[in-house]
Amino acid sequence: MLDTKLIQNDFEIVCEKLRKKKVGEEIIENLRTISLELKSNRALLEPLQAEQNASSKLFGAWAKEGKDINELKAKLSANKQKISELTKIVKNLEEKLSNIALGIPNLPDIDVPNGEDENDNVEIKKVLTPPTFDFTPKEHWEISDNLIDFERGVKLSKSRFSVLKNRAAKLERALINYMLDFNTKRGFSEVAVPYIVNRETLTGTGQLPKFEDDLFKIEGEELFLIPTAEVPVTNLFRDEIITETELPIKMTSYTACFRKEAGSAGRDTRGMIRQHQFDKVELVCIAKPDQSDRVFDEMVECASDLLTSLGLAHRHLMLCGGDLGFGAAKTIDLEVWFPGQNRYREISSISNTRDFQARRAKIRYKDGKKNRLVNTLNGSSLAVGRTMIAIMENYQRADGSFNIPEVLKNYM
RNA sequence: AGAGAGGUGUCCGAGUGGUUUAAGGAGCACGCUUGGAAAGCGUGUGUGGGGCAACUCACCGAGGGUUCGAAUCCCUUCCUCUCUGCCA
């Protein structure tokens with residue numbers, strides 16, 4: 001959520017920044033109008049409430065002394081009417097305001113490049129060189145004939161579900177353990193969290209109210225399957241005031257993730273790239289505003305080094321404004337090389353949301369006497385399924401089998 | 001799932017219609033004291049909004065209602081605990 005004071009006072013700057021994210025000015029204008037209207041109505045309401053409070057106190061005293069209270073009572077009744085009318089107006093405006101405010105995306109950082117979509121993302125650097133083959137490299141589903149069972153995944157559930165067998169199942173498990181250990185050594189403490197969360201939790205991180213269609217909802221309950229560990233882990237601190245000395249808090253968490261992939265019909269239907277259920281090891285950090293850039297770099301480095309340690313060639317991309325997610329002020333994607341597809345594909349996405357989620361989720365820290373909003377950051381380290389198929393493709397041999405990276409051998 | 005009890009600030013906890021303007025305690029911060037610390041004493045200390053400020057409004061799980069006035073009474077709902085049932 002954006003700071004309504006910022007919208008009231010620096011309207012032009014907010015519009016300018018949101019243009020990068022392709023948000024129309026009418027929405028911001030509307031938000032500003034309502035917030036100003038709310039402010040003026042509150043200014044009318046509050047003196048009435050003050051009077052009501054004071055007079056009601058008098059009422060008690062007078063009644064005790066046996067004074068005549070009929071006139072006072074009439075006055076207070078009339079005042080009560082006015083208060084209830086104004087309260088209705090104020091409540092209504094508050095609701096309107098929050099409905100609009102919760103649907104407006106975060107402002108991008110100044111160094112975020114302009115651009116329409118993923119084609120305008122800016123490559124920052126490449127790490128490692130893609131391997132060369134003396135045969136035509138295959139795609140992962142050609143390599144993994146007996147290891148990933150797509151047909152039975154569909155039988156059990158529906159399309160975009162799969163079953164891992166034997167060495168693939170074991171590799172998946174090895175990767176989760178390896179990733180968690182790697183992150184823990186970098187100072188991220190491990191947490192295990194629920195996979196089913198409520199509406200408040202999803203509103204805190206920004207998935208709701210706007211993106212309900214992307215979520216699996218539990219029938220008959222106000223509960224949803226998590227689309228990423230970012231949701232429960234960030235919300236660990238919802239409605240809390242953190243002691244300043246505890247910051248930054250750096251966490252890592254393995255969870256399954258569930259996404260409807262509502263908008264991606266027809267994309268990546270073949271193979272394991274885009275599934276309704278997938279495993280991911282996530283990094284989540286809570287930091288003071290002046291720490292968050294440093295923490296962001298640490299997270300990018302952690303995920304990138306993890307890929308390097310697995311011998312996987314990858315590149316860093318700075319997302320342009322048009323491709324930036326709803327809550328992100330700044331995002332760096334890591335894309336790993338897939339020889340079978342002959343291209344780089346996303347395997348990690350690291351974002352700084354600044355105080356966008358913190359304002360929604362009311363995550364604050366004590367700065368001397370003042371409570372201030374923290375910055376929250378999240379990033380994958382890494383998407384496990386995609387890492388597994390990247391290993392299959394990059395370590396494949398001519399006979400259709402594949403090797404296991406050296407660092408994983410102790411985990412297999 | 002059924003029955004009972006309960007949800008008050010960072011924590012514990014008092015509070016069944018009118019100085020609650022949320023007591024008291026712990027913790028925390030600062031000061032005094034001390035060679036230093038502890039203890040002791042003093043002061044400060046909930047959240048959110050408006051205002052340069054004095055100050056002011058709202059908030060006692062959430063949402064409605066009754067009343068001139070609600071933490072307190074009524075309704076709805078969520079959650080926690082205990083017992084019973086079920087279950088890995």
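Computation of the quantities below employed the complete heavy-atom set of this structure, encompassing side-chain atoms and omitting hydrogens, waters and symmetry-equivalent molecules. First the proteins, then the strands, lettered A, B, ... as listed; each starts at 1.
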In the structure shown, which nucleotide is the Watson-Crick or G-U wobble counterpart of [N], with both distances under 3.5 Å?
N     : value
B/A1  : B/U84
B/U43 : B/A29
B/A23 : none
B/G63 : B/C75
B/A70 : none

Tell me the interatomic distance from [X], atom [atom1], to [N], atom [atom2], rounded to whole angstroms.
X        : N     : atom1 : atom2 : answer
A/Met1   : B/G48 : CE    : P     : 13 Å
A/Asp239 : B/G46 : CG    : P     : 19 Å
A/Asn198 : B/C78 : CG    : P     : 13 Å
A/Asp3   : B/G49 : CG    : C1'   : 12 Å
A/Lys362 : B/C59 : NZ    : P     : 16 Å
A/Leu58  : B/G18 : CG    : C1'   : 11 Å
A/Arg359 : B/U47 : CZ    : P     : 18 Å
A/Leu97  : B/G48 : CG    : P     : 18 Å

**Study point:** Contacts of type side-chain contact (heavy atoms from CB on, under 4.5 Å), residue A/Asn403, not counting sequence neighbours
**Key:**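 Applying side-chain contact (heavy atoms from CB on, under 4.5 Å) to A/Asn403 gives A/Tyr395, A/Arg397.
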Exercise for review: Can you tell me which residue pairs pass the ring pair (Phe, Tyr, Trp, His ring centres under 6.0 Å) test with a partner in residues 304-339 of chain A, sequence neighbours excluded?
Suggested key: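 Found A/Phe211-A/Phe326, A/His314-A/His316, A/Phe326-A/Phe356, A/Trp337-A/Tyr344.
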Exercise for review: Encode nucleotides 53-58 of chain B as B, S and - characters from 5' to 3', where the letter depends on protein heavy atoms closer than 4.0 Å: B to the base, S only to sugar-phosphate, - to neither.
Suggested key: ---SSS
Practice item. Output yes when at least one side-chain N/O atom of A/Lys5 is less than 4.0 Å from OP1 or OP2 of B/G50, else no. Key: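 Affirmative; the distance criterion is met.
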If the [atom1] atom of [N] is compared with that of [M], how far apart are they to the nearest Å?
N     : M     : atom1 : answer
B/G13 : B/U8  : P     : 9 Å
B/G9  : B/U47 : C1'   : 8 Å
B/C60 : B/U21 : C1'   : 15 Å
B/U84 : B/A14 : P     : 27 Å
B/U80 : B/C74 : P     : 24 Å
B/U20 : B/U16 : C1'   : 14 Å
B/C78 : B/G69 : C1'   : 28 Å
B/A62 : B/C55 : C1'   : 30 Å

Exercise for review: Please list, chain by chain and in numerical order, all residues satisfying salt bridge (charged side-chain N to carboxylate O under 4.0 Å, His left out) with A/Arg32, sequence neighbours excluded.
Suggested key: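 A/Glu29.
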Taking 4.0 angstrom as the limit, do [X] and [Y] come out as a salt bridge?
X        : Y        : value
A/Asp268 : A/Arg160 : no
A/Glu393 : A/Lys138 : no
A/Asp293 : A/Arg354 : yes
A/Lys82  : A/Glu85  : no

Review point. Does the cation-pi check pass for A/Arg167 over A/Phe402, that is, NZ or CZ under 6.0 Å from the six-membered ring centre and within 45° of its axis?
Key: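 Satisfied, under 6.0 Å and within 45°.
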What nitrogen or oxygen pairs link the protein and nucleotides 61-70 of chain B at under 3.5 Å?
| residue | atom | partner | partner atom | Å |
| --- | --- | --- | --- | --- |
| B/C68 | O2' | A/Ser56 | OG | 3.3 |
| B/G69 | OP2 | A/Lys80 | NZ | 3.3 |
| B/G69 | O4' | A/Ser56 | OG | 3.3 |

Result block: side-chain N/O donor-acceptor pairs under 3.5 angstrom for residues 250-263 of chain A, not counting sequence neighbours:
| residue | atom | partner | partner atom | Å |
| --- | --- | --- | --- | --- |
| A/Lys250 | NZ | A/Arg186 | O | 3.4 |
| A/Lys250 | NZ | A/Glu298 | OE1 | 2.6 |
| A/Thr252 | OG1 | A/Asn183 | ND2 | 3.1 |
| A/Thr252 | OG1 | A/Glu282 | O | 3.0 |
| A/Ser253 | OG | A/Val191 | O | 2.7 |
| A/Tyr254 | OH | A/Asp279 | OD1 | 2.9 |
| A/Arg259 | NE | A/Pro227 | O | 2.9 |
| A/Arg259 | NH2 | A/Pro227 | O | 3.1 |
| A/Glu261 | OE1 | A/Ser264 | OG | 3.0 |
| A/Glu261 | OE1 | A/Arg274 | NH1 | 3.4 |

Review point. Using a cut-off of 4.0 Å on non-hydrogen atoms, how would the nucleic acid contact of A/Leu45 be classed: base, sugar-phosphate, or nothing?
Key: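 The answer is nothing, as A/Leu45 stays clear of every strand by at least 4.0 Å.
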Practice item. Have a look at A/Lys75 and say if it touches a base, only the backbone sugar-phosphate, or nothing, with a 4.0 Å heavy-atom cut-off. Key: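 Contact class for A/Lys75: none.
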Practice item. Working to the nearest 0.5 Å, report the span between CG of A/Leu215 and CG of A/Asp213. Key: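 Rounded to the nearest 0.5 Å, the CG-CG separation comes out at 8.5 Å.
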Practice item. Using distance alone, with no hydrogens and no angle criterion, decide if A/Asp181 and A/Tyr411 have a side-chain donor and acceptor under 3.5 Å apart. Key: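 Note: A/Asp181 and A/Tyr411 side chains meet the donor-acceptor criterion.
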